[in-house]
Structures are given as structure tokens and as C-alpha cells.
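These numbers were taken from a predicted model, which means no experiment stands behind them. Naming: A, B, ... by sequence-line order, numbering from 1 per chain. Side-chain atoms are counted along with the backbone in the values below, which use heavy atoms only and exclude waters and symmetry mates.
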There are 2 protein chains.
Amino acid sequence: MSTRDRLVESTRELLRERGYTGTSPKAIQQRADAGQGSMYHHFAGKQDLALAAIERNNEEMTAVAERELSAPGTPYERIEAWLRREREILRGCPMGVLAQDPEIVGSDDLRSPVAGHFEWLRGRLRDVLAEGDLDVRLADTLMAVLQGGYVLARAANDTRPFEDAIEGAVGLLERAAAG
Amino acid sequence: MSTRDRLVESTRELLRERGYTGTSPKAIQQRADAGQGSMYHHFAGKQDLALAAIERNNEEMTAVAERELSAPGTPYERIEAWLRREREILRGCPMGVLAQDPEIVGSDDLRSPVAGHFEWLRGRLRDVLAEGDLDVRLADTLMAVLQGGYVLARAANDTRPFEDAIEGAVGLLERAAAG
DNA sequence: GTCTATAACCTGATAGAC
DNA sequence: GTCTATCAGGTTATAGAC
């Protein structure tokens, strides 16, 4: 792995663990085993590093969700599979934690790529919901259950609130899909 | 307002605007128009200030939710009223933003009071759901829709995802309450 | 209760040698 | 590409005078 790649991977890990505000260039360098000069050779600074990390997150997360949402099965089944996918709940959602960081929310340059991922997902979910004759506004409801589930689980330091939130949503959706 | 009270109110504002990690004692002093020595006379440090701010948030938010959930009306109507209450969406939930801050999640001293608020709300919602013969796990689902709605809205810098998430949830809940 | 001084370290970078 | 030196300012306090 190149120094550049190690810097990006270290940034991704640290952004998820500590958020943008809580992540320093120094910590990134240490985790990547790269020097100060090396880091500033490859990237213009902290924001530039974060943008590269967000782009990688976006690529990976989009690929995973697309696989589930375009799999064989009914619209309900595909959405259920996406909702129930195993997640590292207490580590937080790699994109969601960024969407909550005040410094990211306050900067259009940093916020836009995060917003872009959620826009893509919203659109993709709406397609599948429409295919199943379901209310397309449920795209936001279901995405919110996931993001809020992370919030509640991390507050409780327990995965249970996340799991209950998902099961409750699956139950309601099943009813709507059947009806 | 006493210096002490101004310090607590300034801390509440800053925690909501910038999170725990992004809030410095210096910024609190400046907003409260209090000196360094004054702040350290009233509080042991940043964490102590945050604990006082979280406690005030808890008192206020508990009172507001309790009013809605114990109002006259059917269980469905009371939950709908709570879900649809007007909120300052793009400022984020005062408790939710704390539940997402890595430094808070990583410290039991800071996380516990935040967790306590959500536990209270979960219990109160379960009471109302049970009264309406609804699945009590929906307490977490509905709380998650709210928290996740904030996340999506702030990512988009637009209240629409929050509003759609809530409307979708109200629709599903109405169906379940009718069924 | 409030003030100023001091501390030791971190922050996010820039400069220029190698 | 990577290194070390340097920088102005912030961070989270503690100490002791007033």
C-alpha cells in the first residue's frame, strides 16, 4: 500500500472514530506511519484528506447498497435485506457520523459529498418503493430509522435500540407492502 | 442572570452549535462574558460545564415531551403530536448532537446522562404504545426516525428529508393503529 | 468571586534542505 | 518524496494576587 493510500485509510478510520473536528493531521500521520512533509506533499491539508476519505466511503457504501437493492426478489424483500444487513453499529455509520459533525455541516465543500451519498441512496430507494407501489417518502423514513438507530445505540452503548428500531420498521413496512 | 447561569447557557448553545469536541472553555467564557478564573471558580472544567448543560437540556426536553405524551387524546394522537412538534431542525437535536460526539460516546460520565434522557423517553413512549395495543418496539423506531431525520436534514442542509421521514412514519403508524 | 500570569502541549500549516 | 525546523495561535488547565 502506498503512503498516499495509507494516509487515506488512516483518515477514514480516524474520521469514523473521532469525527472531523476530533481528527488532527498529526494523528493521521502517526497512524499512517508517514511524516509531516510526506502528508503535505500528497494532500493540501486536513480538508483535502477528508475529501479523499469521504470519496472512498462513498464508493464502497454505494457498491454494497446497490448490490442489495438490485438483487432478485420483491421490492419489499430487497429493502428488508438492506435494512437488516449486519452493521458495526457501535462504530457508527461512516457517512452518518460525518453528517453530524458541526465543522462538516458548516462547510459546503465537506458537506456536499456526504449529501451526495444520501441523495443517491434516497433516489435508489424511491425507485424500489415505487416498483412495490409504496409511498416514496418512506425512503427518508427508512434511511432515518437506520441513522437514528445508530444514534440511539451509541447513546446507550448497546446495540439493542438499533435492532428494535429496525425490527419495528420492518414490521410496519411488511404491513404496508401486504396491504 | 448570574455568571454561573450565563456559563451554563453559553455551554448549552455552544454544545449544540459545535459539539463537545468543538467547544473550548475559552469560547464558553467569551460567550458568557466571564473570565477564566470565574469559570474555574464555578466549574471544575469543561466536562463539569457540559454535565450541567446536559442536565438543563434533560429537564427542559423531558417537560416538553411529557406534556405532549400525557395530553388528552388517543395514544395515536398523542404520539403524532409529539412526532409533528415544530423543531429547529437544522440546528440539530440538543441531545442527539451530543449522542453523536465521539468524546461523549467514549466517556461513561458524559454519555450516561444523555443515555438517561433517551431511556426515559423510550419508557414513556412504550407506555403510550402499549395503551394503544401497538408494538412497543416502535418506541425505538419512532425515536430513530426523529434522530435520523435530523441527520439527513443537516447533511442535505434542507429540512425536507426530516419532514418526509416524519410524514412517512406517521402514515405507517396510522395504519398500524387503525389495523 | 474575579483577575492576570504561566505552563506544557497541541493545531494546522509553511519553508527549505536532502 | 520525505525530512526537520519553525510558526502563531489555541487548549485546558493551575497558581496566586486582589
Student: Check the phosphate of D:dG1 against A:Thr3, side-chain N and O only, distance under 4.0 Å to OP1 or OP2. Yes or no?
Tutor: no
Student: Over how many whole Å does the gap from B:Met1 atom CE to C:dG1 atom P extend?
Tutor: 17 Å
Student: Cut-off 3.5 Å, side chains only: do B:Gln147 and A:Gln147 have a donor facing an acceptor?
Tutor: no
Student: Tell me, yes or no, whether the heavy-atom count around A:Glu59 atom CD, taken from other residues, nucleotides or ligands under 6.0 Å, exceeds 12.
Tutor: yes
Student: What's the shortest heavy-atom distance between B:Arg126 and B:Ala139, and which atoms?
Tutor: CG-CB, 3.8 Å
Student: Can you hop from B:Met95 to B:Phe162 via hydrophobic side chains spaced under 4.5 Å?
Tutor: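 Yes, same cluster.
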Student: For B:Ile28, run the side-chain contact (heavy atoms from CB on, under 4.5 Å) check against B:Val8, B:Thr11, B:Leu15 and tell me which one passes.
Tutor: B:Thr11
Student: Would you kindly give the CD-to-P distance between A:Gln29 and D:dT4, to the nearest whole Å?
Tutor: 11 Å
Student: Separation of B:Ile28 atom CD1 from D:dG10 atom C1', in whole Å?
Tutor: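 So the CD1-C1' distance, B:Ile28 to D:dG10, works out to 14 Å.
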Student: Quickly work out the A:Glu103 CD to D:dG10 C1' distance and round it to whole Å.
Tutor: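 Answer to the nearest Å: 13 Å.
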Student: Is there a donor in the side chain of A:Glu163 and an acceptor in the side chain of A:Thr159, or the other way round, less than 3.5 Å apart?
Tutor: yes
Student: What residues from residues 12-25 of chain B pass a heavy-atom cutoff of under 4.0 Å to DNA chain D?
Tutor: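 Those residues whose heavy atoms fall under 4.0 Å from DNA chain D, taken from residues 12-25 of chain B in numerical order, are B:Ser24, B:Pro25.
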Student: Taking atom types as modelled, is there a side-chain donor on B:Asn58 or B:Thr62 under 3.5 Å from an acceptor on the other?
Tutor: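 Present: a donor and an acceptor within the cut-off.
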Student: Rounded to whole Å, please give me the gap between NZ in B:Lys26 and P in C:dT11.
Tutor: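 After rounding, the gap between these two atoms is 16 Å.
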Student: Please report the distance, rounded to the nearest Å, between CG in A:Asp5 and C1' in D:dG1.
Tutor: 15 Å
Student: Can you pull out the residues from residues 32-47 of chain A that lie within a 4.0 Å heavy-atom distance of DNA chain C?
Tutor: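 Those residues whose heavy atoms fall under 4.0 Å from DNA chain C, taken from residues 32-47 of chain A in numerical order, are A:Gln36, A:Tyr40, A:Gly45, A:Lys46.
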Student: Do other residues, nucleotides or ligands put more than 12 heavy atoms under 6.0 Å from the CZ atom of B:Arg160?
Tutor: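 Atom CZ in B:Arg160 is not crowded, with 12 or fewer foreign heavy atoms closer than 6.0 Å.
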